[in-house]
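The structure appears right after this line, and notes come after that.
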Amino acid sequence: MHKTQSEKKSIALALGGGAVLGAAHVGVLKALDELGIGVRAVAGTSIGSFVAALHAFGKSWQEIEAAALELDWLDLSGLTLSQYGVLSNKKFGGVVSDLLGRQRIEHAAIPLSMIATDIATGEMVVMREGDVASAVMASSCVPGVFKPVELDGRMLVDGVLVENVPLSPLRECQNLPLVCVNLMGGHRFSRPDNIVGLLLNAFYCTLQKTTTLQIGDADLVIEPDIGDFSLVETSQIPELIEAGYQSSLPVLRAFYHSVDEKSDVKL
């Protein structure tokens, strides 16, 4: 049975973590929109969960771009009295609620999954139900910096510790190409300026090889040309969005050209 063109141009999309580098995801969404490629399932880890949630609830890449340009990471955290972290990222949850209202994951227009880590057990937690803002907070909760998010009896922190590019929740989408965005594929680390930069370097430098193994069965891996960008500098967000777009557009165009030509490519 032949698939229609619209069916061919649909994917399951995994958006990985990478702190401020996550702005490149917006450029990928722009490229998908330009090529007429629809997202029929989406998963996100860390900053990828933020972008995935907005997209799943119908926000256009232009709306997500506007939100990204307004984000100030210094305003996303506040001092908290906790033995587990210096800061709270409740303000991040507030940003999500302001943009989407109070929403539940299972009500998203596009099936949505977000990854967090149960820091008490080391287990991966795939969030497909529950409050969207709380899930984004948990998935992007850098341990040692932010206070863990208590959710459903679990102590949750950043999903990068278990699956930085969240392909596993999408493997059940057997009739869709699995496309993932690995922000850290070509990242070149630099000397950190503060404790946040130090911890991010520590997490991500240990994850590069593991991530490569975890996404080995993806149909398409997009690794934007953002290797020299900082993990924490928000002034570079416009350039990251453009880099994500310029890097992904030709890759996606070539991928779908090959799909059209080869009947044995999984669709």
Side-chain angles (χ1 to χ4, degrees), residues 3-71 99 108-113 164-167 170 173 175-187 211 215 218-229 234 236-262 265-267:
K3 292 184 179 291
T4 66
Q5 187 67 19
S6 62
E7 286 176 312
K8 285 182 179 181
K9 289 203 170 186
S10 296
I11 63 171
L13 180 65
L15 301 178
V20 173
L21 301 182
H25 288 320
V26 182
V28 176
L29 294 180
K30 179 181 178 180
L32 289 169
D33 181 62
E34 183 173 316
L35 295 170
I37 300 171
V39 177
R40 288 173 53 191
V42 62
T45 296
S46 200
I47 192 62
S49 72
F50 176 74
V51 178
L54 297 186
H55 186 68
F57 278 90
K59 295 295 184 183
S60 67
W61 71 262
Q62 294 95 332
E63 291 173 303
I64 301 173
E65 178 184 48
L69 291 172
E70 291 179 4
L71 285 180
L99 290 167
I110 300 170
L112 170 65
S113 305
N164 189 39
V165 180
L167 197 63
L170 301 176
C173 303
N175 295 320
L176 293 172
L178 301 181
V179 177
C180 64
V181 184
N182 180 16
L183 301 173
M184 302 302 299
H187 186 68
T211 297
I215 62 177
D219 294 295
L220 178 64
V221 177
I222 298 172
E223 294 184 337
D225 184 15
I226 53 176
D228 291 324
F229 285 86
T234 55
Q236 65 193 353
I237 284 177
E239 289 77 18
L240 280 164
I241 294 173
E242 181 63 16
Y245 169 72
Q246 294 292 344
S247 296
S248 61
L249 184 66
V251 173
L252 286 163
R253 184 182 286 123
F255 177 69
Y256 269 97
H257 180 70
S258 70
V259 166
D260 290 337
E261 289 192 336
K262 298 178 182 178
V265 172
K266 185 179 74 172
L267 294 174

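Positions are given from 1 along the sequence.
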Heavy-atom nearest pair, Gly22 first then Val51, reads O-CG2, 4.2 Å

Of Leu220, Ile215, Asp219, Ile222, the one forming a side chain to side chain contact (heavy atoms under 4.5 Å, CB included) with Cys180 is Ile215

Sequence neighbours excluded, the answer for ring-ring contact (aromatic ring centres under 6.0 Å, His included) partners of Phe229 is none

Gln62 meets the side-chain contact (heavy atoms from CB on, under 4.5 Å) criterion, sequence neighbours left out, with Ser60

Under a 3.5 Å distance rule, please check whether Ser247 uses its side chain to pair with a backbone N or O of Gly244 as donor and acceptor.
no

Report task. Apply side-chain contact (heavy atoms from CB on, under 4.5 Å) to Val179 and Val28, showing your working. Result -> CA-CA 11 Å; Val179 177; Val28 176; over 6 Å; no

Interatomic distance, CD1@Ile64 vs NE2@His55, rounded to 0.5 Å, equals 6.5 Å

(Q) Quick one: does any side-chain atom of Lys59 pair with a main-chain N or O of Leu99 as donor and acceptor, under 3.5 Å? (A) yes

In short, ring-ring contact (aromatic ring centres under 6.0 Å, His included) pairs touching residues 17-49 with sequence neighbours left out are none

Distance col, row Glu34:CD vs Leu252:CG, nearest 0.5 angstrom, shows 10.5 Å

Nearest heavy-atom contact between Ala68 and Ile237 is O-CD1, 3.5 Å

Applying side-chain contact (heavy atoms from CB on, under 4.5 Å) to Lys30 and not counting sequence neighbours gives Trp61, Glu242, Tyr245

Here the gap from Leu21 atom CG to Asn182 atom CG, rounded to the nearest 0.5 Å, amounts to 10.5 Å

CD1 of Ile11 to CZ of Phe255, rounded to nearest 0.5 Å, is 8.5 Å

Rounded to the nearest 0.5 Å, the CG atom of Leu13 sits from the CZ atom of Arg40 at a distance of 13.5 Å

Heavy-atom nearest pair, Tyr256 first then Ser10, reads OH-O, 3.2 Å

Ala52 meets the side-chain contact (heavy atoms from CB on, under 4.5 Å) criterion, sequence neighbours left out, with Leu15, Val42, Leu112

d(Ser248 OG, Leu32 CG) to nearest 0.5 Å is 6.5 Å

For this session: May I ask you to decide if Gly16's main-chain N or O and Asn164's side chain share a donor-acceptor pair within less than 3.5 Å?
Result: no

Shortest non-hydrogen pair, Leu176 vs Ala12, comes out as CB-N, 4.0 Å

By salt bridge (Lys or Arg N to Asp or Glu O under 4.0 Å), Asp228 pairs with (sequence neighbours left out) Arg188

Heavy atoms of Val39 and Ala41 approach each other most closely as CG1-O, 3.3 Å

Is it true that atom CG of Asp225 has more than 12 heavy atoms of other residues, nucleotides or ligands lying nearer than 6.0 Å? no

The residue among Ile226, Leu240, Ile47 that forms side chain to side chain contact (heavy atoms under 4.5 Å, CB included) with Val20 is Leu240

Review point. Step by step, would you call Thr211 with Met184 a side-chain contact (heavy atoms from CB on, under 4.5 Å)?
Key: CA-CA 9 Å; Thr211 297; Met184 302 302 299; over 6 Å; no

